[in-house]
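Some notes on the structure that comes next.
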Amino acid sequence: VATWSLDPGSIHLNHGSFGATPVEVISEQDRFRRELESNPVSFMLETYQPALENARSAVAAFVHGAAEGLVFVPNATFGVNSVCRSLEPRIAPGAEMIVTNHGYNACNNAVSVSAERARARIVTVDVPFPLQNEREIIDPVLDAVNDRTALVVLDHVTSPTGIVFPIGALVAQLEPDVPVLIDGAHAPGMVEVDLEALGASFYTANCHKWMCAPKGSGFLHVAERHRDWMSAAVISHGHNGGWPGSSSEFHARFDWIGTDDPSARLSIGSALEVMAEHHPEGWSGIMASNHDLVLAGRTILARAIGANLPAPDSMVGAIAALSLPPSRQESHHIFDPLMENLRSNWRIEVPVFAWPDAARRLIRVSAQQYNKVADYEQLAEALVAELAL
Ligand SMILES: Cc1ncc(COP(=O)(O)O)c(C=O)c1O
């Protein structure tokens, strides 16, 4: 059973942003750190690579991907940057790169900068919110694709809106003619991920969110046809074969991106095991119970604040967003000031995003194994008071 080190004095309804890691997994990470510090050179040159291969096999099995195509990155932002930077010289001027308005700001920025460098054009597809069915996502994305499309970037689970995108249907329509990069930052551990069945060119995700691994652990999975030219966003020894121990040139370009603390990625296998033991039905039980709880939570909140449910249950994973009445204070960045008020006045951690523009806002709740129905009831009470409803 996983033990959480979360502050019991706060209500944690934001597993989405940075995850939370069980104590048992942090102990395993500490064990790696102590071993590293007992002899940094022998750890990095001898222990590191076999331990990394164990982590790679564990993650590849969890997401049904090929270990040969799977490399570690510190986070999904790095994964998206790696794909974009590697694609730049392969994109013809005048080509188009597609993102959506539900995309994550940091990653859409990475795509924009690469488009600028390649003299390509960014096409931002407007996906509605609220929405009733998957066609409202599939149709506008497919309508935006043409013979100039160099890349389509889709989130598996969207950050501000908490929607599980129908990536299977979209990738089946687009690949292999149009390369698709899936930003799965939230997906593994929240919803089933089957990379072999999906067949996307590129899939990147975090292990430090819903897989509950330590922070700074993510992966990038690349289809075989793109591995020869794919590099990490940071160029290091692997670029000319200078990193020993990796099983391919592709792996070598990511296995060593300069000295860092590798203990987070080496502890991913431990996170997968500890969490699997946490629920009698293992990971499928965790995903199903988190999904049920977040649906119950969003219903409690929607009733309290008089909001409509913006998406059907089937399009929600373990995070759910609701529209709030417009803010009187415009937000100057991605977070709305209400988020800080809920933290300081109520000790509730929950993200409130300015979306789709500075004048409108969404609240997004999460459900993880440490949450209870009472957490959402408390938030409902706090919102009624803060919004003066
Ligand atoms: C869809 C999406 N992409 C990327 C990220 C970035 O994750 P990281 O900061 O770990 O790179 C997030 C984080 O919330 C996200 O929701």
Side-chain angles (χ1 to χ4, degrees), residues 12-21 59 63 71-85 98-114 124-125 127 129 137 141 151-167 170 180-191 193 200 202-221 232-234 254 257 260-261 264-265 268 271 294 311 315-321 333-335 339 349-356 362-366 368:
H12 300 275
L13 292 171
N14 186 8
H15 191 87
S17 286
F18 308 113
T21 305
V59 176
V63 295
V71 286
F72 290 99
V73 289
N75 50 56
T77 306
F78 192 102
V80 169
N81 273 271
S82 300
V83 173
C84 290
R85 292 307 302 258
I98 295 179
V99 298
T100 80
N101 58 329
H102 290 234
Y104 189 70
N105 178 59
C107 297
N108 282 1
N109 284 345
V111 184
S112 291
V113 170
S114 281
T124 305
V125 172
V127 171
F129 187 82
I137 302 166
V141 172
L151 181 71
V152 178
V153 183
L154 298 169
D155 292 9
H156 193 166
V157 182
T158 61
S159 170
T161 48
I163 300 293
V164 181
F165 266 25
I167 57 164
L170 279 162
V180 181
L181 162 58
I182 303 291
D183 174 356
H186 285 279
M190 181 199 284
V191 293
V193 177
F202 318 103
Y203 188 107
T204 190
N206 283 325
C207 305
H208 53 232
K209 290 188 192 277
W210 296 85
M211 288 162 71
C212 299
K215 277 134 205 71
S217 57
F219 70 87
L220 170 66
H221 187 271
V234 166
F254 287 81
I257 50 169
D260 70 345
D261 175 352
R265 55 191 178 274
I268 302 170
V294 89
M315 293 176 74
V316 172
I319 51 178
H333 47 72
I334 58 175
F335 298 112
M339 180 169 166
E349 280 300 340
V350 63
V352 184
F353 299 114
W355 194 92
L362 299 176
I363 189 163
R364 187 191 76 191
V365 287
S366 62
Q368 184 51 284

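Because only heavy atoms are used, hydrogens play no part in the values below, and waters and symmetry mates are left out as well, while side chains stay in. Numbering of ligands and ligand atoms starts at 1, following listing order.
The protein heavy atom nearest to atom 6 (C) of ligand 1 is Tyr104 CE2, 3.3 Å. The nearest protein atom to atom 9 (O) of ligand 1, hydrogens excluded, is given as Thr77 OG1, 3.7 Å; this is a heavy-atom distance. Lys209 NZ, 2.8 Å is the protein heavy atom nearest to atom 13 (C) of ligand 1. Of all protein heavy atoms, the one closest to atom 3 (N) of ligand 1 is Asp183 OD2, 2.5 Å. Protein heavy atom closest to atom 16 (O) of ligand 1, with residue, atom name and distance, is His186 NE2, 2.9 Å. For atom 7 (O) of ligand 1, the nearest non-hydrogen atom of the protein is Asn206 ND2, 3.1 Å.
Using a non-hydrogen distance threshold of 4.0 Å, His156 does not register as a contact of ligand 1. By the 4.0 Å heavy-atom criterion, Ala106 is excluded from the residues contacting ligand 1. Look at Lys215 and you'll find every heavy atom at least 4.0 Å from all atoms of ligand 1.
A side-chain donor-acceptor contact under 3.5 Å links Lys215 to the backbone of Phe18.
Partners of Thr124 by side chain to side chain donor-acceptor pair (under 3.5 Å), not counting sequence neighbours: none found.
Here the shortest heavy-atom pairing between Cys207 and Phe219 reads SG-CD2, 3.9 Å. His208 and Gly216 get closest at one heavy-atom pair: ND1-N, 2.9 Å.
Distance CD1/Ile137 to CD1/Ile163: 6.5 Å, rounded to 0.5 Å.
Side-chain contact between Asp155 and Thr100: absent, with no pair of heavy atoms (C-beta onward) separated by less than 4.5 Å. A heavy-atom distance below 4.5 Å is found between the side chains of Trp210 and Gln368.
Residue His208 approaches ligand 1 through these ligand atoms, each under 4.0 Å from one of its heavy atoms: 10 (O). Here is the list of ligand 1 atoms found below 4.0 Å of a heavy atom in Asn75: 8 (P), 10 (O), 11 (O).
Taking the six-membered ring for Trp and thresholds of 30 and 60 degrees, His102 and Trp355 have ring planes more than 60 degrees apart, a perpendicular arrangement.
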